[in-house]
Amino acid sequence: AAMSRKGRKLLVDSLTRSAKHFTKSEVECLIKLFDTLVAKASSQFAGAGFDRTVFRDTLYNAFGMTDNVVLDRVFGIFDKDNTGCITVEEWVEGLAVLLRGTLEEKMKYCFTIYDLNGDGYISKEEMFQMLKHSLLIQPADEEPDEGVKDLVEIALKKMASTYFFVLFLLQDYDHDGKLSFTDFEKAVRDENLLLEAFGPCLPDIK
């Protein structure tokens, strides 16, 4: 829906405060982009936002994010009210973390991506599901699942591995096969590269 000049100024001011990592001119640009994306979306949201398809296409085209599981998880994080529609507030505030977030914000974001069932832990099964999509595609006649399961088991048993995320898995101090946010945070603060230990869920640096 069309917005008055005064209403738009109030929106820009409000989002500049709430998103905090963007300048006012950047927020204005993001709102313009939002309007463009809404025009591409189905009309079911009556101009209030855009759907999962437009969201996924945008993250793919702008940031090279291709993993379907990750894209669905990112959509869920942006869509705070769980309506299936990304509003302008969700769009700008979500991008503030995705693109300019502090280490603390990004740790919470990545942990939420990997915690597939939302129970506050990254379990062995969740590691498997995420790593399964991160590994190189196997030849058609090979089944990757067994290899991924073996990889997770090796990492959790502290055995040698060429995969850098094993360093992160060494933080599973109680050896219960799952990692809390505290474990995750401790590992990432020691080695920032472990932020995306179970698969890329942030835009690459370019």
Side-chain angles (χ1 to χ4, degrees), residues 1-120 122 180-182 184-185 188-189 192 195-196 198-206:
M3 183 182 293
S4 70
R5 185 173 298 176
K6 182 179 179 181
R8 198 171 188 90
K9 182 181 183 304
L10 290 173
L11 176 63
V12 169
D13 290 343
S14 173
L15 287 174
T16 302
R17 287 192 300 273
S18 64
K20 71 188 175 183
H21 297 311
F22 292 130
T23 65
K24 184 177 287 190
S25 61
E26 288 173 332
V27 169
E28 288 171 346
C29 289
L30 290 172
I31 292 173
K32 287 178 184 176
L33 176 57
F34 174 84
D35 291 339
T36 301
L37 296 173
V38 168
K40 294 180 182 178
S42 67
S43 59
Q44 70 181 97
F45 301 119
F50 53 86
D51 57 19
R52 185 181 303 264
T53 301
V54 172
F55 181 82
R56 287 165 57 114
D57 288 349
T58 301
L59 264 60
Y60 170 76
N61 292 323
F63 306 130
M65 298 176 71
T66 58
D67 188 300
N68 289 330
V69 173
V70 169
L71 286 170
D72 280 338
R73 299 290 297 160
V74 176
F75 181 86
I77 290 174
F78 271 64
D79 183 21
K80 292 178 182 175
D81 55 7
N82 199 32
T83 60
C85 166
I86 302 297
T87 64
V88 66
E89 292 83 6
E90 291 170 337
W91 171 243
V92 175
E93 290 172 5
L95 285 177
V97 173
L98 193 69
L99 300 178
R100 301 272 179 83
T102 63
L103 179 61
E104 181 71 27
E105 289 171 328
K106 288 183 176 179
M107 282 191 293
K108 290 178 180 175
Y109 162 85
C110 290
F111 186 86
T112 302
I113 294 286
Y114 302 143
D115 179 16
L116 299 177
N117 65 3
D119 69 351
I122 304 173
S180 67
F181 178 73
T182 302
F184 183 78
E185 181 181 26
V188 172
R189 287 195 186 281
N192 289 179
L195 184 62
E196 296 181 89
F198 297 112
C201 53
L202 291 165
D204 63 35
I205 195 65
K206 67 181 180 181

**Q** Say you draw a straight line from CG of L30 to CG of L15; how long is it, rounded to the nearest 0.5 Å?
**A** 9.0 Å
**Q** Less than 4.5 Å apart, any side-chain heavy atom of L99 and any of F63?
**A** yes
**Q** Are R52 and D79 side-chain neighbours, meaning at least one heavy-atom pair lies under 4.5 Å?
**A** no
**Q** Determine the interplanar angle of the F50 and F34 rings, folded into 0 to 90°, and report it as parallel if under 30°, tilted if 30 to 60°, perpendicular if over 60°.
**A** tilted
**Q** When you check the gap from the basic side-chain N to the acidic O, do K9 and D13 get nearer than 4.0 Å?
**A** yes
**Q** Hey, which of L195, I113, V69 is the one that makes side chain to side chain contact (heavy atoms under 4.5 Å, CB included) with C201?
**A** I113
**Q** Answer yes or no: is there an ion pair linking K24 with E28, defined by an N-O contact shorter than 4.0 Å?
**A** no
**Q** Can you sort out the partners of F111 under ring pair (Phe, Tyr, Trp, His ring centres under 6.0 Å), two or more places apart, ordered by chain and number?
**A** F181, F184
**Q** Any side-chain heavy atom of C85 sitting closer than 4.5 Å to one from D51?
**A** no
**Q** Hey, which of I86, V88, D57, V54 is the one that makes side chain to side chain contact (heavy atoms under 4.5 Å, CB included) with L37?
**A** V54
**Q** Compute whether any side-chain donor of one residue and acceptor of the other, for H21 and E105, lie under 3.5 angstrom apart.
**A** yes
**Q** Could you tell me if the side chain of D67 sits less than 4.5 Å from the side chain of P200, heavy atoms only?
**A** no
**Q** Report yes if some heavy atom in the side chain of E26 is under 4.5 Å from a heavy atom in the side chain of R100; otherwise report no.
**A** yes
**Q** Any heavy-atom pair between the side chains of K108 and E104 that's under 4.5 Å?
**A** yes
**Q** Between E90 and D81, is the side-chain contact (heavy atoms from CB on, under 4.5 Å) condition met? List the steps.
**A** CA-CA 9 Å; E90 291 170 337; D81 55 7; 2.9 Å; yes
**Q** If the threshold is 4.0 Å, N to carboxylate O, is there a salt bridge linking E93 and K80?
**A** yes
**Q** Could you state the interatomic distance from CG (L11) to CD1 (I31), rounded to the nearest 0.5 Å?
**A** 4.0 Å
**Q** As a quick check of understanding, evaluate side-chain contact (heavy atoms from CB on, under 4.5 Å) for R56 and N68, giving each step before the final call.
**A** CA-CA 8 Å; R56 287 165 57 114; N68 289 330; 2.6 Å; yes
**Q** Are M65 and Y60 side-chain neighbours, meaning at least one heavy-atom pair lies under 4.5 Å?
**A** no
**Q** Can you name the residues that form a side chain to side chain contact (heavy atoms under 4.5 Å, CB included) with D119, not counting sequence neighbours?
**A** D115, N117, Y121
**Q** For side-chain contact (heavy atoms from CB on, under 4.5 Å), just list the numbers for L33 and W91, CA-CA rounded to whole Å, side-chain angles, deciding distance to a tenth of an Å, and then say yes or no.
**A** CA-CA 10 Å; L33 176 57; W91 171 243; 3.6 Å; yes
**Q** Mind checking ring pair (Phe, Tyr, Trp, His ring centres under 6.0 Å) for Y109 and listing every partner two or more places apart, or none if nothing turns up?
**A** none
**Q** Between T16 and T23, is any pair of side-chain heavy atoms under 4.5 Å apart?
**A** no
**Q** Going through the distances and angles, do F55 and L71 end up as a side-chain contact (heavy atoms from CB on, under 4.5 Å)?
**A** CA-CA 9 Å; F55 181 82; L71 286 170; 5.5 Å; no
